Amino acid sequence: MTNRDTIYQSDDPVASFVFDERVADVFADMINRSVPGYGTIITMIGTFAERYGRPDSICYDLGCSLGAATLSMRRQISAPACRIVAVDNSAAMISRCQQMLAKDSSTVPVELLCADILDIEIKHASLVVMNFTLQFIPPAQRSALIRKIHDGLLPGGMLVLSEKIHFEDPVLNALFIDLHHRFKEHNGYSKTEISRKRAAIENVLIPESLRTHESRLLDAGFSSFAVWFQCFNFASMVAVK
Ligand code: GEK
């Protein structure tokens, strides 16, 4: 059973958002009630892994949290000697992720690393997944990270990049932020919880436009780019080396 997210119901002063024990405890509920299309994206990451996971290669899950994308990949990969490396720098997430993996009976090997994705080596990768993680990396460090991912991918390898996005058109930007808040209200969050969470993630989660993502990916050397899923101000992109 997952615990219900009531973090922003309290009247405590709003502190900057961190991935601590309190967040890790309710994370599955939080992300499902906050990110439109999250379940679909997780399922399809498994489908990408089925297609892109190659024999004797590594599939990376960068910012794995509780391991939802890792589990989806693990259940779909059939290539021999294909393994998964899942990375998160939150010890609270990693220990819960370890428990989730222990309950799963699929056999693809998973190495779990408690580390900063800016520090790890990426090599011999057939698929790299960053499902709502790049948005937490300081913008000045994003291009170097994308280049490192590109360089660590095998030719023809894929990056799946999901992000909250910003719209350059101010009317659409305001519209989609508002519709996202309605989505959260429909999922049981109050207006106060929504505005307190918004204050907490300000300057922590920094969204960029699809155009910025596309040009960064192409500049890094990826040869193909597409948005394969979008709902309001949430999108998932693929880039092929
Ligand atoms: C999912 N992908 O369920 N190094 C490693 N991990 C990081 C870093 C970093 N520098 N910065 C943030 N994280 C998951 C959801 S959540 C998305 C990903 C969200 C980790 C952070 O600890 C958290 O677990 C994750 O990235 C982002 O498919 O909360 O909106």
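Heads up: numbering here begins at 1 and tracks the sequence. None of these values were measured; they are calculated from a predicted model.
At least one side-chain heavy atom of Leu161 sits less than 4.5 Å from a side-chain heavy atom of Glu163. No side-chain heavy atom of Asn233 sits less than 4.5 Å from a side-chain heavy atom of Pro207. Looking at heavy atoms from C-beta onward, Tyr60 lies out of side-chain contact with Ile84 at the 4.5 angstrom threshold. Val108 has its side chain out of reach of Gln76: every pair of non-hydrogen atoms, C-beta onward, lies at least 4.5 Å apart. Ile41 places a side-chain heavy atom less than 4.5 Å from the side chain of Phe132. In this structure, Arg51 and Met158 have side chains that are not in contact, with every pair of non-hydrogen atoms separated by 4.5 Å or more. The side-chain heavy atoms of Leu159 and Val129, taken from C-beta on, include no pair separated by under 4.5 Å. Residues Leu112 and Cys64 form a side-chain contact, since some pair of their non-hydrogen atoms from C-beta on lies under 4.5 Å apart.
Of all non-hydrogen atoms in Lys148 and Leu118, the two that sit nearest each other are NZ-O, 3.1 Å. Nearest heavy-atom pair, Phe232 versus Pro36, reported as atom, atom and distance to 0.1 Å: CD1-CG, 4.4 Å. Here the shortest heavy-atom pairing between Val85 and Val87 reads CG1-CG2, 4.0 Å. Considering every non-hydrogen atom in both Val160 and Ser236, the closest pair reads CG1-OG, 3.7 Å. Nearest heavy-atom pair, Ala28 versus Leu66, reported as atom, atom and distance to 0.1 Å: N-CD1, 3.8 Å. Listed here is the closest heavy atom pair of Gln141 and Ile137: CB-CG2, 4.1 Å.
The line from CE of Met73 to CD1 of Ile42 is 9.0 Å long, rounded to the nearest 0.5 Å. In this structure, the separation between CE on Met130 and CD on Gln135 is 10.5 Å, given to the nearest 0.5 Å. The OG1 atom of Thr6 lies 9.5 Å from the CE atom of Met30; values are rounded to the nearest 0.5 Å. Here CD of Glu214 is found 9.5 Å from CZ of Arg211. Values are rounded to the nearest 0.5 Å. Note that NZ of Lys197 and NZ of Lys184 are 4.5 Å apart. Values are rounded to the nearest 0.5 Å. Atom OG of Ser195 sits about 9.0 Å away from atom CZ of Arg198, to the nearest 0.5 Å.
Following chains of ILVMFWY side-chain contacts shorter than 4.5 Å, one cannot reach Ile117 starting from Phe136, and the two form parts of different hydrophobic clusters. By the criterion of side-chain heavy atoms lying less than 4.5 angstrom apart, applied directly or through intervening Ile, Leu, Val, Met, Phe, Trp or Tyr residues, Tyr8 is grouped together with Phe19 in one hydrophobic cluster. Residues Met93 and Leu134 do not share a hydrophobic cluster, defined by chaining ILVMFWY side chains whose heavy atoms lie under 4.5 Å apart. In the hydrophobic clustering of this structure, Phe48 does not group with Ile58; members are Ile, Leu, Val, Met, Phe, Trp, Tyr whose side-chain heavy atoms approach within less than 4.5 Å, directly or through other members. Placement of Leu175 and Leu210 within a single hydrophobic cluster is found when ILVMFWY residues are connected by side-chain heavy-atom separations under 4.5 Å, directly or transitively.
The side chain to side chain donor-acceptor pair (under 3.5 Å) check on Arg33 picks up Asp29, with sequence neighbours excluded. The side chain to side chain donor-acceptor pair (under 3.5 Å) check on Ser106 picks up Asp104, with sequence neighbours excluded. Under the ring-ring contact (aromatic ring centres under 6.0 Å, His included) criterion, Phe222 pairs with His150, not counting sequence neighbours. Applying the ring-ring contact (aromatic ring centres under 6.0 Å, His included) test to Phe234 and every residue at least two apart in sequence or in another chain returns His180. Partners of Phe167 under the ring-ring contact (aromatic ring centres under 6.0 Å, His included) rule, at least two apart in sequence or in another chain, are Phe176.
With Asp5 contributing its side chain and Ile7 its backbone, the two residues share a donor-acceptor pair below 3.5 Å. Between the side chain of Asp88 and the backbone N or O of Ser65 there is at least one donor-acceptor pair closer than 3.5 Å. In this structure, Lys241 contributes its side chain and Leu153 its backbone to a donor-acceptor pair below 3.5 Å. Although no hydrogens or angles enter the test, the distance criterion places no donor-acceptor pair under 3.5 Å between the side chain of Ser72 and the main chain of Ala68.
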For Cys231 and Phe183: C-alpha separation, side-chain torsions, deciding distance, then whether side-chain contact (heavy atoms from CB on, under 4.5 Å) applies. CA-CA 11 Å; Cys231 181; Phe183 168 86; over 6 Å; no
Given Leu145 and Arg142, is the side-chain contact (heavy atoms from CB on, under 4.5 Å) satisfied, shown in steps? CA-CA 5 Å; Leu145 174 59; Arg142 292 181 188 179; 5.7 Å; no
Between Arg4 and Val26, does the side-chain contact (heavy atoms from CB on, under 4.5 Å) criterion hold? Intermediate values first, please. CA-CA 6 Å; Arg4 189 150 175 99; Val26 300; over 6 Å; no
With side-chain contact (heavy atoms from CB on, under 4.5 Å) as the test, would you mind laying out the steps for Asn32 and Asn187 before giving the verdict? CA-CA 9 Å; Asn32 273 292; Asn187 284 336; over 6 Å; no
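Side-chain contact check for Thr212 and Ser209: at least one donor-acceptor pair (N or O, by modelled atom type) lies under 3.5 Å. Using a 3.5 Å distance cut-off with no hydrogens or angles, the side chains of Asn131 and Tyr38 do not pair a donor with an acceptor.
A salt bridge is defined here as a Lys NZ or Arg NE, NH1 or NH2 lying under 4.0 Å from an Asp or Glu carboxylate O, and Glu193 with Arg196 fails to meet this definition. Contact check on Arg96 versus Glu21 returns a salt bridge, with a Lys/Arg side-chain nitrogen under 4.0 Å from an Asp/Glu carboxylate oxygen. A salt bridge links Glu208 with Arg216: the distance from a Lys NZ or Arg NE/NH1/NH2 to an Asp or Glu carboxylate oxygen falls below 4.0 Å.
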Considering only distance and modelled atom types, tabulate donor-acceptor pairs under 3.5 Å from the side chains of residues 121-128, sequence neighbours left out.
| residue | atom | partner | partner atom | Å |
| --- | --- | --- | --- | --- |
| His124 | NE2 | Asp56 | O | 3.1 |
| Ser126 | OG | Tyr52 | O | 3.4 |
| Ser126 | OG | Arg54 | N | 3.3 |
| Ser126 | OG | Ser57 | OG | 2.6 |

